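Every number for a ligand or one of its atoms is a count from 1 in the order of the listing. All values reported here derive from a predicted model rather than from experimental measurement.
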Amino acid sequence: MQVLFGDLGRHYRTYKTEIDAAVQRVLESGWFVLGKEVERFEKRFAEYVGVQHAVGVGSGTEAIHLALLAADVQPGDEVITVANTAIPTLSAISFAGATPVFVDVDSDFYTLRPDLLETAITPRTRAIVPVHLFGQCCNMSEIREVAIKYRLPVVEDCAQAHGSEWEGIPAGTWGLLGCFSFYPSKNLGAFGDGGMVVTEDDELAERLKRLRNYGQTRRYVHESIGFNSRLDEMQAAILDAQLDFLESWNDRRRAIANLYRQQITNPRIVLPKEATNAFHIYHLFVIQSENRDKLREFLLKRGVETQIHYPIPCYQQKAYAHLGVATGHCPTTERLAGRILSLPIYPELDDEQIIYIAQCINEFDQ
Ligand SMILES: *Cc1c(COP(=O)(O)O)cnc(C)c1O
């Protein structure tokens with residue numbers, strides 16, 4: 001049996017009618033940037049998340065970047081986040097001119113440890129960027145307590161958390177701003193790049209709309225310096241056509257996760273844990289193995305593709321060597337980097353494929 005890590009071709013073929021209709025509609029409208037499609041999708045996505053405003057931008061990276069600027073993060077400020085994340089979380093902080101400061105993650109949930117936040121706060125701290133990794137929300141109630149105590153804005157990285165919740169409250173609504181990515185492989189994916197910032201704050205939403213569109217308030221009137229970072233009409237139409245399926249896709253991902261849990265019985269394998277207060281939407285299903293690289297090879301020989309999210313803690317990347325963060329700064333993050341393995345998980349997978357993958361893992365005896 002052959003199991004791909006992702007299969008966007010199969011995804012397109014499954015929803016071809018809806019996607020083709022959306023694309024056709026935009027092509028024939030003759031309007032491609034900031035129009036009706038973006039407006040409609042922003043409105044519907046805001047309703048889905050349960051917020052007042054959603055502002056479509058060019059990518060998830062740009063969502064975080066512009067959100068940090070909207071929250072008044074200035075060059076030289078410090079922004080607290082984790083090193084166990086996709087590098088774009090860091091790119092966005094760097095684009096804003098800020099210095100990332102890393103706190104370690106929980107060994108069970110892979111997310112930011114709120115009890116370490118205070119030790120990372122300095123007079124230069126200007127924001128906190130928790131990352132809801134793999135589809136599970138960070139402990140937002142505790143993070144919010146610290147944020148309130150120090151009057152720090154929280155900018156949530158929800159790139160892997162469309163529909164995820166903490167204490168029944170959706171990801172993206174705990175912080176001042178929530179940032180989503182529509183990279184094709186995310187739980188809600190475009191057929192190209194796209195992103196969204198959500199907020200309850202009218203003034204922040206206006207600021208974001210200026211930032212994404214050359215700082216423009218009215219046509220050819222520019223009150224501040226801006227960027228070109230917009231969700232385009234084609235992607236908005238494709239995303240809107242898929243939004244109604246998101247909940248059922250998340251349900252399917254959770255069902256696959258349950259099936260993995262039932263079927264993987266190898267005592268050497270550590271399965272991912274769900275926090276009791278979290279509603280996990282399984283962007284990724286990440287297991288741990290003492291012999292991760294061998295397991296990966298073993299599975300590949302049996303036709304099963306896997307990935308590693310993420311093999312190198314961000315501060316150990318060459319790009320961030322200038323920060324001079326010492327090895328051992330985030331011990332759990334470093335330890336996980338050598339043990340974690342992401343198994344295929346997407347709505348189009350069949351139960352037989354999951355059972356097959358689990359059987360292969362159960363045969364692995366190292
Ligand atoms: C995908 C991702 C991003 C970046 O999103 P893009 O749309 O690819 O720019 C940021 N943070 C995390 C955690 C991600 O998974």
Legend entry - Options Asp157, Asn84, Val129, ranked by nearest heavy atom to atom 13 (C) of ligand 1, top entry: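 Shortest heavy-atom distance from atom 13 (C) of ligand 1: Asp157.
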Within ligand 1, which atoms have a heavy atom of [X] less than 4.0 Å away?
{"X": "Thr89", "value": "11 (N)"}
{"X": "Gly60", "value": "5 (O), 6 (P), 7 (O), 9 (O)"}
{"X": "Val131", "value": "13 (C)"}
{"X": "Ser59", "value": "7 (O), 9 (O)"}
{"X": "Thr85", "value": "13 (C)"}

Does this structure show an ion pair linking [X] with [Y], if we count only N-O contacts that are shorter than 4.0 Å?
{"X": "Arg339", "Y": "Glu290", "result": "yes"}
{"X": "Arg13", "Y": "Asp20", "result": "no"}
{"X": "Lys43", "Y": "Glu47", "result": "yes"}
{"X": "Lys149", "Y": "Glu118", "result": "yes"}
{"X": "Glu206", "Y": "Arg212", "result": "no"}

If you measure every N or O of [X] against every N or O of ligand 1, does any of those distances drop under 3.5 Å?
{"X": "Tyr183", "value": "no"}
{"X": "Glu62", "value": "no"}
{"X": "Asp193", "value": "no"}
{"X": "Pro88", "value": "no"}

Note the single closest protein heavy atom to [atom], along with its residue, its atom name and the distance in Å.
{"atom": "atom 2 (C) of ligand 1", "answer": "Lys186 NZ, 2.7 Å"}
{"atom": "atom 5 (O) of ligand 1", "answer": "Ser181 OG, 3.2 Å"}
{"atom": "atom 9 (O) of ligand 1", "answer": "Thr61 OG1, 2.5 Å"}

Inset, instruction - Say whether His132 and Ser164, considering side chains only, have a donor N or O and an acceptor N or O under 3.5 Å apart. - result: no
Legend entry - Stacked cation flag Arg296 on Phe298, 6.0 angstrom / 45 deg: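 Negative - Arg296 is either too far from the ring of Phe298 or too far off its axis.
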Inset, instruction - Without swapping roles, check the side chain of Glu305 against the backbone of Leu4 for a donor-acceptor pair under 3.5 Å. - result: no
Inset, instruction - Spell out, as yes or no, whether a donor-acceptor pair under 3.5 Å connects the side chain of Glu42 to the backbone of Gly56. - result: yes
Inset, instruction - Heavy atoms only: give me the nearest Glu274-Gln136 pair and the separation to one decimal. - result: CA-OE1, 3.3 Å
Legend entry - Proximity to ligand 1 by part of Leu133, non-hydrogen separation under 4.0 Å: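 None of Leu133 does.
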Inset, instruction - Indicate, as side chain, backbone, both or neither, the part of Ala159 found under 4.0 angstrom from ligand 1 when only non-hydrogen atoms are considered. - result: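 Only the side chain of Ala159 comes within reach of ligand 1.
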